[in-house]
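Data first, discussion second: the structure below is written as structure tokens.
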Number of protein chains: 2
Amino acid sequence: MRSENGSTGRSFVEVARRRQIIDAAIETVAERGYANASLAHIATTAGISKSVISYHFAGKEELLREVVTAVFDECGEAVGAALASCRTWTERLAATITGQLEYLRDHRTRWLAASEIVISHRDESGTPLYLQSGDEEIEGIVGILEAGRDAGEFGAFDVRIAALTVVHGLDGVLTEWQKDESLDLDDYGRRLVAFILRAVRPGAS
Amino acid sequence: MRSENGSTGRSFVEVARRRQIIDAAIETVAERGYANASLAHIATTAGISKSVISYHFAGKEELLREVVTAVFDECGEAVGAALASCRTWTERLAATITGQLEYLRDHRTRWLAASEIVISHRDESGTPLYLQSGDEEIEGIVGILEAGRDAGEFGAFDVRIAALTVVHGLDGVLTEWQKDESLDLDDYGRRLVAFILRAVRPGAS
DNA sequence: CTAATTTTTGTCCATGCGTTCAGAAAACGG
DNA sequence: CCGTTTTCTGAACGCATGGACAAAAATTAG
């Protein structure tokens, strides 16, 4: 019997191969775009035969889903770590923004690939992934905004609209970064935080 | 000699056919998604033979570009009309937001199709359309924000970040509307305007 | 009415795709 | 060492796509 890994029932080589294929898929999608990221190209990038992908993954569908969950989980953990050291709700709101931008800054390729897949990939019924994913991120921001409002750090405003604006503002940063590769993400993050804090600050509406 | 139309040198029937094909493309892309909107499907939707599209358009590329420019020009005109009747910069900022949402509300299919194409379609070099389009919309909002700031209607903030946040917030409304078909766009617009006005209002920061 | 031109049609083609498969190669267990 | 299992390969498959083409149909002009 081969040594197994956790509860997945996968051998070490299996896990390594899957990781290698996932990384190759990320690189290929980021470089050539979702539509041009065929299994053949991914296999070439990984330096393996096309059929190996079909051997280790149930299909292209499963591979792409694994890419998305891997990257988003990584980013979620990074943001969670940034949130842990915060003391005020204002800090938490800022950390949500800067934390995600820092992940984007340090893992551009991975984030780009995951975004491409989420936007472009459709399941068999034609529904894109971004309409299937849960809204945990939005709910998290809503929670911070409500708590901050109750604590008196923020003013009175529509927390859901505010949360959506933050999330879509973060999504849009990638677009701006693609338009201008020299964009300073840290600077952008600071300015975005400042703008959002202007909106949520207490005071007349 | 056939009667011609403007400077394009196209006959009336030619113009009509092109419009019919463009509308069929819009309907097909909105219904089946960009990736599944083949020329065959578009032709079936239009009730014509596939080759007619190739006869009237240089290729799929030209057809899709015409769809995008047609829809975005329509929306731009609608927003422009809404702006014309504004007297203050605050009104203009609000009209930019509500005007676009009203177009989205009244032309969901067209906007959806154009967005799909802009996001997913790549030219031969692999560059998506949304990285090619000019930033006239952003520049317009930047102009409003600067003028409003100089007029004392708005406070001191980063106008570019503010404009980008507005634009990306508007882009995101379509996503929310897809997630929840019963979303009240007028209500969303009012709330979004209120939130943005909170951010740009004069005061410390 | 006839000839020329515009428009439409159905068919065919080359290409690329994801997946399948039999068999080769490698790794493993006793 | 040999038999078994896992892993990999290259070829083949069915399918869908965008485009090209000759011929048919419709429209126009004289």
Side-chain angles (χ1 to χ4, degrees), chain A residues 1-5 8-22 24-25 28-29 31-67 116-117 120-126, chain B residues 1-5 8-22 24-25 28-29 31-67 116-117 120-126:
Chain A
M1 184 68 86
R2 200 82 64 79
S3 56
E4 307 274 323
N5 209 352
T8 66
R10 278 197 252 273
S11 70
F12 281 110
V13 294
E14 168 100 45
V15 171
R17 259 279 188 265
R18 285 175 69 99
R19 191 193 315 272
Q20 176 199 17
I21 293 171
I22 288 175
T28 308
V29 170
E31 259 181 18
R32 315 181 49 113
Y34 169 83
N36 294 330
S38 66
L39 289 186
H41 287 134
I42 296 173
T44 302
T45 300
I48 57 179
S49 176
K50 200 172 53 158
S51 339
V52 187
I53 301 177
S54 298
Y55 177 75
H56 289 284
F57 292 90
K60 198 184 187 185
E61 171 86 14
E62 187 196 344
L63 171 57
L64 295 180
R65 285 185 183 274
E66 295 260 333
V67 168
E116 280 258 344
I117 295 169
S120 296
H121 184 64
R122 311 290 155 106
D123 64 8
E124 58 257 53
S125 79
Chain B
M1 185 65 85
R2 199 81 65 79
S3 56
E4 307 272 326
N5 208 353
T8 65
R10 277 196 255 274
S11 71
F12 282 111
V13 296
E14 168 99 44
V15 171
R17 259 278 188 266
R18 284 175 70 97
R19 191 193 315 273
Q20 177 200 16
I21 294 172
I22 289 175
T28 308
V29 170
E31 259 181 18
R32 315 180 48 112
Y34 169 83
N36 295 331
S38 65
L39 289 185
H41 287 134
I42 296 172
T44 302
T45 300
I48 58 179
S49 176
K50 196 175 58 159
S51 330
V52 187
I53 302 178
S54 298
Y55 178 75
H56 288 283
F57 292 88
K60 199 183 185 184
E61 172 87 12
E62 188 196 345
L63 170 58
L64 294 180
R65 285 185 183 272
E66 295 260 332
V67 167
E116 280 258 344
I117 295 170
S120 295
H121 184 65
R122 310 291 155 106
D123 64 7
E124 58 257 53
S125 80

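Lettering follows sequence order; numbering is per chain, from 1.
- Between R122(A) and E116(B) a salt bridge is recorded (basic side-chain N to carboxylate O distance below 4.0 Å).
- Counting to the nearest Å, the C1' atom of dA20(D) and the NZ atom of K50(B) are 10 Å from each other.
- Remark: the H41(B) side chain and the T44(B) side chain contain no N/O donor-acceptor pair separated by less than 3.5 Å.
- When the P atom of dT19(C) is taken as reference, atom NE2 of H56(A) falls 15 Å away, rounded to whole Å.
- I21(A) contributes atom CD1, which lies 9.5 Å from atom CD1 of I42(A) (distance to the nearest 0.5 angstrom).
- Taking atom CZ of residue R122(A) and atom P of nucleotide dA16(D), one finds them 19 Å apart after rounding to whole Å.
- Between dC12(C), dA11(D), dG10(C), one nucleotide has an atom nearer to the side chain of S51(A) than all others, and that is dA11(D).
- Between R17(B) and dT6(C) there is no side-chain polar atom (N or O) within less than 4.0 angstrom of OP1 or OP2.
- A straight line from CG of L63(B) to C1' of dT17(D) spans 15 Å, rounded to a whole angstrom.
- Taking 4.0 angstrom as the limit, H41(B) places none of its side-chain polar atoms (N or O) nearer than this to OP1 or OP2 of dA16(D).
- Within the 4.0 Å cut-off from OP1 or OP2 of dG16(C), not a single side-chain nitrogen or oxygen of S38(A) is found.
- For dC8(D), neither phosphate oxygen OP1 nor OP2 lies less than 4.0 angstrom from any side-chain nitrogen or oxygen of Y55(A).
- Whole-Å rounding puts the I48(B) CD1 to dG10(C) P distance at 12 Å.
- To the nearest angstrom, C1' of dC8(D) lies 12 Å from CD of Q20(A).
- Rounded to an integer number of Å, the gap from CD of E14(A) to P of dC28(C) is 14 Å.
- Nearest nucleotide to the K60(B) side chain, out of dA20(D), dT6(C), dG19(D): dG19(D).
- Scanning all heavy atoms of the two residues, the minimum distance from V29(A) to A37(A) falls at CG2-CB, 3.6 Å.
- At a threshold of 4.0 Å, the pair E62(A)-R18(A) counts as salt-bridged, since one of the basic side-chain nitrogens sits closer than that to a carboxylate oxygen.
- As a whole-Å value, the separation of I53(B) CD1 from dG18(D) P is 9 Å.
- Among dT19(C), dT20(C), dT8(C), the nucleotide with an atom closest to any side-chain atom of L39(A) is dT19(C).
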